[in-house]
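Report on the structure given below.
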Amino acid sequence: MTKPDAASHLDMAHPCLEGKKRRCGRPTPYGTEQLDQHLLEVAASLFVEHGYAGTSVDQIARKASASKQTLYRRYPSKEELFKAVITNVTACLLRTMAETPLKDPLHELKTISRLMLDFVLRPDALGTYRILISDAYRYPSLIDHAIENINKPFHANFLRLLKAAEAAGQIGAGHADSTTTHLWAGMLTGWPMKQSLFGLNPLEDDAARDAFFEQAWALFLKGVGAAPA
């Protein structure tokens, strides 16, 4: 099975950081934010390459050209650093979901769902998920953190949009519940993520992803008794 390229995470540079250079001296508020993002990206690449147990704070500090004190001031342990890494991976999508308006909730659910499909197939998301599967059983607090800060917010935002769609008469009554939310998330991400974790590339381009998504969305709409467009 081919391992994901550890450097690929760093290729997805934070858009706010493009074209910027780190400066010496006391960090400005922007410089502090930039440094934080740099440390998290370096840590993520090493965690993906070596796993949680195989990555040390020393390694991260050396690759980031930072001192261990710099890391420990922000994250008192490797565990806290990894928690920050997995939260950072999902932060942009969760923020987009939370800010989604409810003017046309079914349309917004479709838009967010398509973003979710792209997200779960990203190399950094897959690499993080591999770590949680392989290592986190020995560190239960990592699983607890992922559930509280990733799974539950994703679930809550999908459920919020389903309830709004039901209230607007866009889907049948009785479908805006937790079970429907779980079923939709599983239909959307289950097979693509499993294949990708096996080292395969089932939806290798936008056309393949669009075709898969549209078929899944059509089945979902029938299941929830969506009103005709």
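Owing to the predicted nature of the structure, the values given are computational and were not obtained by experimental measurement. Numbering of residues begins at 1 and proceeds along the displayed sequence.
Using cut-offs of 30° and 60° on the angle between ring planes, the pair Y52 and F47 is parallel.
Considering CZ of F154 and OG1 of T189, their distance stands at 10.0 Å, rounded to 0.5 Å. Of the inter-residue distances, the one linking L115 atom CG with M97 atom CE reads 9.0 Å to the nearest 0.5 angstrom. To the nearest 0.5 Å, the span separating CG on D210 from CD on Q215 amounts to 13.0 Å. Rounding to the nearest 0.5 Å gives a distance of 10.0 Å between CD1 of I112 and NE2 of H107. In this structure, CG on L219 lies 12.5 Å from CG on L183, to the nearest 0.5 angstrom. Taking CZ of F220 as the start and CG of L188 as the end, the distance is 10.0 Å to the nearest 0.5 Å.
Other residues, nucleotides and ligands contribute only 12 or fewer heavy atoms inside 6.0 Å of the OH atom of Y129. Crowding of K83 atom NZ: a count of heavy atoms from other residues, nucleotides or ligands under 6.0 Å exceeding 12.
In this structure, E79 contributes its side chain and L142 its backbone to no donor-acceptor pair below 3.5 Å. No donor-acceptor pair closer than 3.5 Å links the side chain of K63 to the backbone N or O of A43. Between the R122 side chain and the D118 main chain, no donor and acceptor come within less than 3.5 Å of each other. Q59 places a side-chain N or O within 3.5 Å of a backbone atom of S56 that can act as its donor or acceptor partner.
Using a 4.0 Å cut-off between charged nitrogen and carboxylate oxygen, K110 and E214 count as a salt-bridge pair.
One side chain, S113 or W184, offers a donor N or O that lies under 3.5 Å from an acceptor on the other. Residues S178 and T181 bring no donor and acceptor atom of their side chains to less than 3.5 Å of each other. With no hydrogens or angles considered, no side-chain donor-acceptor pair links N201 and Q195 at under 3.5 Å. Side-chain N/O atoms of T87 and H145 include a donor and acceptor closer than 3.5 Å. D144 and S141 form no side-chain donor-acceptor contact under 3.5 Å, judged by distance and modelled atom types alone.
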